[in-house]
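Below, chains carry the letters A, B, ... as their sequence lines are ordered, and counting in each starts from 1. On a predicted model such as this, the values are computed, not experimentally measured, just so you know.
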Protein chains: 2
Amino acid sequence: MRPKLTDVAKKAGVSVTTVSRVINDYGYISQKTRDKVFAAMEELNYQPNSLARSLHGKSTNLVGLIFPAITNPFFAELVEKIEQKLFSEGYKVILCNAGSDKEKEREYLKMLLANQVDGIIAGAHNLGIDEYNRVGLPIVSFDRKLSEQIPIVSCDNYAGGKLAVQELYNAGARHIYFLGNPHQQGNPTDQRLAGYCDTLETYGLSRHIHTVSFSESPSLKLFSIKRLLQESVADGIVCTDDLTALLVLQAAKELAIKVPEQLKVTGFDGTTQIQLYHPELSTIVQPISDIAELLVEVLKARIKQPTEPLKQMQYKLPVTFLQRNSTSRSN
Amino acid sequence: MRPKLTDVAKKAGVSVTTVSRVINDYGYISQKTRDKVFAAMEELNYQPNSLARSLHGKSTNLVGLIFPAITNPFFAELVEKIEQKLFSEGYKVILCNAGSDKEKEREYLKMLLANQVDGIIAGAHNLGIDEYNRVGLPIVSFDRKLSEQIPIVSCDNYAGGKLAVQELYNAGARHIYFLGNPHQQGNPTDQRLAGYCDTLETYGLSRHIHTVSFSESPSLKLFSIKRLLQESVADGIVCTDDLTALLVLQAAKELAIKVPEQLKVTGFDGTTQIQLYHPELSTIVQPISDIAELLVEVLKARIKQPTEPLKQMQYKLPVTFLQRNSTSRSN
DNA sequence: TTGTATGCGTTATCAT
DNA sequence: ATGATAACGCATACAA
């Protein structure tokens, strides 16, 4: 049995109140008893039971993170940054890898409630608005609208889509395709598509929109991308994420299509990892660290003042373009 | 305020005991009251407070995961698998990204204790034996010896080191270098080095052991690898992880050293992600899914019977070789 | 400066 | 078949 307050009290020869006072540094206590208590705690390797503490009305300092998959480098880096910020603020993280599983996300949501988390940062979005509305807990969403009450942090997806087209155009591409996940209504990532469409229009080019399912197995994805490359006349492709872009590069290589001479490609996300291990890929870089920081800041504000009306519904962070070889100008 | 048992009881017009009975499916209750109670719960969106529950002696069904960095694809895949297994067993995961920070790992360990986790799976190892011994909680370690009392799950690192050398040798390499993290005493990963050394000896070749710090920044790592390639006569390199191997490939490319003609390279880990996005890299594949499953199984056993003496101290899972172009035979 | 008693939300024992 | 109540480990109002 783990030692409890009474055990420490007994060992130190004082009352539980005194021990509690020492632990929480509250009220008046003599240095002598303080020392005695610390010695007893040390000897027993005592750790206050934070469950009992929270039951008493104290907050748990627990934050739930709901994301689709940490094996995706983008989410891995984002989650890691979030975890770091939260840790430095005294919060601990319960990680919920919801995948694209509605039921699992629901389960996790219930679990987080049951564990009295102080708040939730949601990056997976399989559930509907009302389910999130019922939670009744501070929530901040990454990159997706969950409800009218839940603030969203994301990068400037529209600017990203626009920038990608501009860069491809400037590099000489005139048949610019869009390749991404099937889009869902009302999500900020749709803005990437909107940016693409609008910008094409200003150039007087026509749009070509193709989708590959995010959840599809990568080898299937590779297969459909190859078919796309064979059947199309694309000389530029805007991908909605880096992994898809890498598959395009791979497909092009297998088909002996030269990048960037015959085909220029941009990714989206710009994780440190892919920047480093795929230095050939141009991409729209999301400010992952800033996003993480902002998510945490906004959540903290909601936790502190849950009833306060939202100052701001959406926070959009700027993107940048990372010029690499896959979009080099070929003369 | 979140609804509590009394609220549900009041709404359903029964006592708290009855509600508790319904929730836990315990004792006798008429279908009629059962329905009433469920209706009330539904209406209030009631979630039992698992803190109060655990306070009463129930287990939290919480498992702590301590790992160095989920941005490393290997850990990302391992953690994701572990999380999946645990979830399907009814456990939730507290993720502790300890980095290589001793203090953070210590903090996390205390936090997990305070949150009454049922057990811990430890994959980061900055702390000493005694700190883990004091925990007094079911722990299973991945790939590292933490104490006499803590079971270890790992792949067969020795076989991995051996296999790598064999494959390089068979592909024609005769100056086979070892490139990895600086090794620490008594850890299973040292076995990779041992396997390398022993196997070289059977071939009558001499050993060349080089280290690059794991925590070093990748661009620094790349730099020192380039220097190594320039100064050495290596025609084969055994890397202790895939990311290092990728840096070697990159360095070779920049130095116009042809792989596999002039230099053959093997990685270690074999994550799905790197297999897919770096199809040129030969590697020793760890059975990640099996490792995850075994970690969870062993932990479950410890949780069920914490006092039972360990049946087995070490569990070694077999590795396989994935033959790709970086070790192709060049005639 | 220190100790006693009560309550947090839930489960379990005992009664009805 | 259902209800009253003690206990879980801790924090705090109140008392000493």
Next on the checklist: Assess whether a salt bridge exists between A/D25 and A/R34, defined as any Lys/Arg side-chain N lying under 4.0 Å from an Asp/Glu carboxylate O.
Outcome noted: yes
Checklist entry - Do the non-hydrogen side-chain atoms of B/I139 and B/R302 ever get within less than 4.5 Å of each other? => result no
Checklist entry - Which of residues 39-50 of chain B have a heavy atom under 4.0 Å from DNA chain C? => result B/Y46, B/P48, B/N49
Checklist entry - If you measure only the distance, is there a donor-acceptor pair under 3.5 Å linking the side chains of A/T71 and B/E80? => result yes
Checklist entry - With the threshold set at 4.0 Å, does a side-chain nitrogen-carboxylate oxygen contact exist between A/E43 and A/K10? => result no
Checklist entry - So, do A/Y46 and A/I23 sit near enough that their side-chain heavy atoms are less than 4.5 Å apart? => result yes
Next on the checklist: Contact between B/V117 and B/V63 at the side-chain level, heavy atoms closer than 4.5 Å - yes or no?
Outcome noted: no
Checklist entry - Quick one: bend of the helix from C/dT1-D/dA16 to C/dT16-D/dA1 from 5 pairs per end, to 10°? => result 40°
Next on the checklist: Among residues 4-16 of chain A, which ones have heavy-atom contacts with DNA chain C below 4.0 Å?
Outcome noted: A/V14, A/S15
Checklist entry - For residues B/N61 and B/R53, is any side-chain donor paired with an opposing acceptor at under 3.5 Å? => result no
Item to check | Nucleotide range of DNA chain D lying under 4.0 Å from chain B heavy atoms | outcome: D/dA1 to D/dG9
Item to check | Parallel, tilted or perpendicular, as decided by the 30° and 60° cut-offs, for the rings of B/F67 and B/F142 | outcome: tilted
Checklist entry - Reckon A/S30 touches a base, only the sugar-phosphate, or nothing at all at heavy-atom distances under 4.0 Å? => result sugar-phosphate
Next on the checklist: Using side-chain heavy atoms (C-beta onward) and a distance below 4.5 Å, is A/I66 in contact with A/L109?
Outcome noted: yes
Item to check | Identified salt bridge (Lys or Arg N to Asp or Glu O under 4.0 Å) partner of A/E131 from the options A/R106, A/K102, A/K110 | outcome: A/R106
Checklist entry - Out of A/L112, A/L86, A/L78, which residue meets the side chain to side chain contact (heavy atoms under 4.5 Å, CB included) rule with A/L65? => result A/L86
Checklist outcome for this item: chain B vs DNA chain C, heavy-atom contacts under 4.0 Å, first-to-last nucleotide span, 5' to 3', is C/dG9 to C/dC14
Checklist entry - How long is the gap from NZ on B/K316 to CG on B/D143, to the nearest 0.5 Å? => result 11.0 Å
Next on the checklist: Please tell me whether A/S20 and A/T17 have a donor and an acceptor in their side chains that are separated by less than 3.5 angstrom.
Outcome noted: no
Checklist entry - For A/T18, which contact category applies under a 4.0 Å heavy-atom criterion: base, sugar-phosphate, or nothing? => result sugar-phosphate
Item to check | DNA chain D contacts made by residues 54-63 of chain A, counting heavy atoms under 4.0 Å | outcome: A/H56, A/K58
Checklist entry - Got more than 12 heavy atoms from elsewhere within 6.0 Å of NZ, B/K81? => result no
Next on the checklist: Can you confirm whether A/N49 sits close enough to A/K4 that some side-chain heavy atom of one is under 4.5 Å from a side-chain heavy atom of the other?
Outcome noted: no
Checklist entry - So B/Y108 and A/F87, would you call those rings parallel, tilted or perpendicular, with 30° and 60° as cut-offs? => result tilted
Checklist entry - With a 4.0 Å cut-off, would you call A/E297 and A/K300 a salt bridge? => result yes
